[in-house]
2 protein chains.
Amino acid sequence: MSDLTEERSGTLSEAMERGHLFAEACPSRDVLKHLTSRWGLLVMIALLSGTHRFSELRRKINGVSERMLSQSLQWLEEDGMIDRVSYPVVPPHVEYSLTPMGREAAEKVRALADWIEVSMPRIDAVWAEKRRKAD
Amino acid sequence: MSDLTEERSGTLSEAMERGHLFAEACPSRDVLKHLTSRWGLLVMIALLSGTHRFSELRRKINGVSERMLSQSLQWLEEDGMIDRVSYPVVPPHVEYSLTPMGREAAEKVRALADWIEVSMPRIDAVWAEKRRKAD
DNA sequence: CTGTATCCCCTCCGATACTG
DNA sequence: CAGTATCGGAGGGGATACAG
């Protein structure tokens with residue numbers, strides 16, 4: 001066996017039979033999907049720095065289309081991760097922010113994203129090594 | 001976790017312009033995709049408890065097809081997350097385990113998955129409340 | 001036991017155009 | 001400014017059959 005993490009408190013992932021994620025048609029799959037989706041992940045991380053308007057998110061998240069930004073925001077709002085506040089003015093003014101629960105999720109998501117960022121050099125090295133062997 | 005990463009050195013996710021994940025066509029997107037894919041995530045979590053054979057993973061991860069398990073394992077192996085050791089015997093015997101780097105990634109992934117598991121009751125409550133209002 | 005090969009559906013996601 | 005509607009491509013992923 002390995003470290004304590006599993007034996008002491010790792011009853012969640014360890015007990016796969018009981019975990020929702022290992023069940024086939026489970027709503028937790030959808031939540032995970034929204035959080036880790038192409039744009040959902042970036043939305044969550046972006047909102048960690050505070051409330052944003054739609055257009056602010058659009059500018060900040062380079063490459064996202066209006067369609068997908070809107071879609072991602074709706075998913076995450078339905079999951080209770082994001083608060084959407086619309087001010088009935090002209091022109092429209094809508095603000096998005098993380099709920100307390102959303103902030104917790106966003107921090108987990110960011111931990112994963114940050115790990116990948118800092119680990120990319122190592123991963124690149126793996127790829128380079130494989131290419132070298134392939135020759 | 002949850003420590004200094006945010007306030008002190010939170011320049012990673014904060015500096016979106018510079019982060020790989022915010023670039024459009026970046027290999028780090030692929031790594032993230034593999035780690036959070038439907039089955040890749042479950043493979044990583046399963047391997048946290050130690051080395052597994054192909055058929056062991058297949059049994060443990062309920063619902064995965066041979067095709068997708070094989071595919072997911074190959075992706076993660078190419079990314080340097082998984083070690084594949086094949087013993088040339090009859091019948092074939094292949095063992096999969098996490099690399100040191102893979103273990104780091106798996107722990108981040110598990111942290112997110114576990115958070116979702118324990119938070120599902122809260123998320124369900126959100127959905128229930130929305131349905132109540134919809135009436 | 002450990003996979004590959006083939007077929008095919010389905011959903012994500014981008015592009016474009018339109019609305020309040 | 002903040003979206004929605006529609007079309008269409010690409011690829012993830014399942015079912016089945018086959019192979020080493």
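What you are looking at is a predicted structure, and each value in this text was computed from that prediction instead of being measured. Quick note: numbers below take in every heavy atom, side chains included, and nothing from hydrogens, waters or symmetry partners. Chain letters run A, B, ... following the sequence lines, proteins first, then strands; residues in each count from 1.
Rounded to whole Å, the distance from CD1 on A:Ile61 to C1' on C:dC13 is 15 Å. Between A:Arg38 atom CZ and C:dC13 atom P there is a gap of 8 Å when expressed in whole angstrom units.
Applying the 4.0 Å criterion to OP1 and OP2 of C:dG3, one finds that B:Tyr96 has a side-chain N or O inside that range.
For residues 59-114 of chain A, the pairs satisfying ring-ring contact (aromatic ring centres under 6.0 Å, His included) are A:His34-A:Trp75, A:Tyr87-A:His93, with sequence neighbours left out. For residues 79-99 of chain A, there are no salt bridge (Lys or Arg N to Asp or Glu O under 4.0 Å) pairs, not counting sequence neighbours. For residues 43-67 of chain A, the set of pairs meeting the ring-ring contact (aromatic ring centres under 6.0 Å, His included) definition, not counting sequence neighbours, is empty.
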Enumerate the protein-to-nucleotides 17-20 of chain C contacts in which both atoms are nitrogen or oxygen and the separation is below 3.5 Å.
none

Can you pull every protein N or O that's under 3.5 Å from an N or O on nucleotides 5-8 of chain D?
unit_1, atom_1, unit_2, atom_2, d
D:dT6, O4, A:Arg67, NE, 3.1

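A heavy-atom distance below 4.0 Å to DNA chain C is reached by these residues of residues 69-78 of chain B, ordered by number: B:Ser70, B:Gln74.
Here B:Ala105 pairs with A:Trp115, B:Leu35, B:Met44, B:Met81 under the side chain to side chain contact (heavy atoms under 4.5 Å, CB included) rule; sequence neighbours left out. Listed by chain and number, the residues in a side chain to side chain contact (heavy atoms under 4.5 Å, CB included) with B:Arg132 are B:Glu129 (sequence neighbours excluded). When the side chain to side chain contact (heavy atoms under 4.5 Å, CB included) test is applied to A:Arg67, the partners found at least two apart in sequence or on another chain are A:Ser65. Partners of B:Thr36 under the side chain to side chain contact (heavy atoms under 4.5 Å, CB included) rule, at least two apart in sequence or in another chain, are A:Thr36, A:Leu112, B:Leu32. The salt bridge (Lys or Arg N to Asp or Glu O under 4.0 Å) check on B:Glu104 picks up A:Arg122, with sequence neighbours excluded.
Across its full length, the helix from C:dC1-D:dG20 to C:dG20-D:dC1 shows an angle of 50° between the axes of its 5 terminal pairs at either end, rounded to 10 degrees.
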